[in-house]
Amino acid sequence: MLGSSTAFSGFSAADIDAERAFYADVLGVPVIEEMGALNLELAGGQRVFIYPKENNEPATFTVLNFEVPDVDKAVDELASRGVTFERYEGMDQDAKGVMRDNGPTIAWFKDPAGNILSLIESS
């Protein structure tokens with residue numbers, strides 16, 4: 001029934017201004033603000049909707065994965081822009097926070113609302 005329908009994902013944030021600045025200025029994602037919410041315009045025509053929620057509680061799982069050709073290069077670039085990469089107990093991550101040996105090469109970080117994002121190396 002919905003196989004031919006377009007779809008998009010969304011998540012919430014308490015401070016839409018901080019989210020806009022982070023996604024647009026730090027990550028370089030085109031952002032359109034509409035009715036107090038944000039649309040992230042991603043490559044390939046995809047989009048993600050970020051809506052305001054005063055008592056926001058961030059997701060405890062990865063809500064958005066950015067595929068990149070070189071995770072190390074992307075981590076270095078974002079770290080130079082002030083992004084802090086997460087370290088998780090029990091995960092085999094290097095000094096930069098990159099996990100290499102248990103699946104695809106990946107590194108996690110959070111947006112200003114605390115939502116978990118990742119850089120994942122495309123094959």
Side-chain angles (χ1 to χ4, degrees):
M1 178 176 126
L2 297 177
S4 61
S5 296
T6 59
F8 62 92
S9 65
F11 50 86
S12 62
D15 186 343
I16 292 297
D17 290 335
E19 294 290 289
R20 182 182 0 85
F22 179 75
Y23 285 95
D25 300 337
V26 177
L27 301 186
V29 173
V31 176
I32 298 171
E33 188 167 359
E34 298 175 310
M35 298 179 292
L38 305 175
N39 273 302
L40 306 181
E41 300 292 321
L42 304 174
Q46 303 302 311
R47 68 184 170 108
V48 172
F49 184 67
I50 303 176
Y51 56 93
K53 184 177 178 189
E54 188 174 311
N55 59 347
N56 180 64
E57 291 188 30
T60 58
F61 52 87
T62 307
V63 298
L64 186 58
N65 299 284
F66 289 94
E67 289 184 303
V68 296
D70 185 334
V71 166
D72 285 294
K73 183 176 178 180
V75 165
D76 291 343
E77 175 66 26
L78 291 180
S80 76
R81 295 177 183 202
V83 173
T84 301
F85 286 85
E86 299 296 307
R87 305 304 190 279
Y88 295 107
E89 189 173 325
M91 303 293 265
D92 188 21
Q93 294 169 272
D94 66 17
K96 293 197 283 188
V98 178
M99 187 176 77
R100 301 173 192 286
D101 297 327
N102 295 326
T105 301
I106 187 169
W108 296 272
F109 60 104
K110 292 181 179 177
D111 73 4
N115 293 304
I116 301 168
L117 314 173
S118 85
L119 298 173
I120 188 165
E121 198 155 287
S122 54
S123 33

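- Cluster membership check: Phe8 does not share its hydrophobic cluster with Leu64, using side-chain heavy-atom separations under 4.5 Å among Ile, Leu, Val, Met, Phe, Trp and Tyr.
- Phe85 contributes atom CZ, which lies 10.0 Å from atom OG of Ser118 (distance to the nearest 0.5 angstrom).
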In residues 67-75, what donor-acceptor pairs under 3.5 Å come from side-chain atoms, sequence neighbours left out?
{"residue": "Asp70", "atom": "OD1", "partner": "Asp72", "partner atom": "N", "Å": "3.1"}
{"residue": "Asp70", "atom": "OD1", "partner": "Lys73", "partner atom": "N", "Å": "3.0"}
{"residue": "Asp72", "atom": "OD1", "partner": "Lys96", "partner atom": "NZ", "Å": "3.1"}
{"residue": "Asp72", "atom": "OD1", "partner": "Arg100", "partner atom": "NH2", "Å": "2.6"}
{"residue": "Asp72", "atom": "OD2", "partner": "Arg100", "partner atom": "NH1", "Å": "3.0"}
{"residue": "Asp72", "atom": "OD2", "partner": "Arg100", "partner atom": "NH2", "Å": "3.3"}

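- For the pair Leu117 and Val63, the minimum side-chain heavy-atom distance is below 4.5 Å.
- Within the 4.5 Å cutoff, side-chain heavy atoms of Leu78 are placed close to those of Phe109.
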Test side-chain contact (heavy atoms from CB on, under 4.5 Å) applied to Phe22 and Val29, step by step: CA-CA 9 Å; Phe22 179 75; Val29 173; over 6 Å; no
Please walk me through it: do Val98 and Ile106 pass side-chain contact (heavy atoms from CB on, under 4.5 Å)? CA-CA 6 Å; Val98 178; Ile106 187 169; over 6 Å; no
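- Residue pairs meeting the salt bridge (Lys or Arg N to Asp or Glu O under 4.0 Å) criterion with at least one member in residues 5-21, sequence neighbours excluded, are Asp17-Arg20, Arg20-Glu33.
- Aromatic ring centres of Tyr88 and Trp108: separated by under 6.0 Å.
- Counting heavy atoms from C-beta outward, Ile120 and Thr105 have side chains that stay 4.5 Å or more apart.
- Between Leu27 and Leu40 the shortest side-chain heavy-atom distance does not fall below 4.5 Å.
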May I have the list of side-chain donor-acceptor pairs in residues 41-61 shorter than 3.5 Å, sequence neighbours left out?
{"residue": "Arg47", "atom": "NH1", "partner": "Asn39", "partner atom": "OD1", "Å": "3.1"}
{"residue": "Asn56", "atom": "OD1", "partner": "Ser12", "partner atom": "OG", "Å": "2.3"}

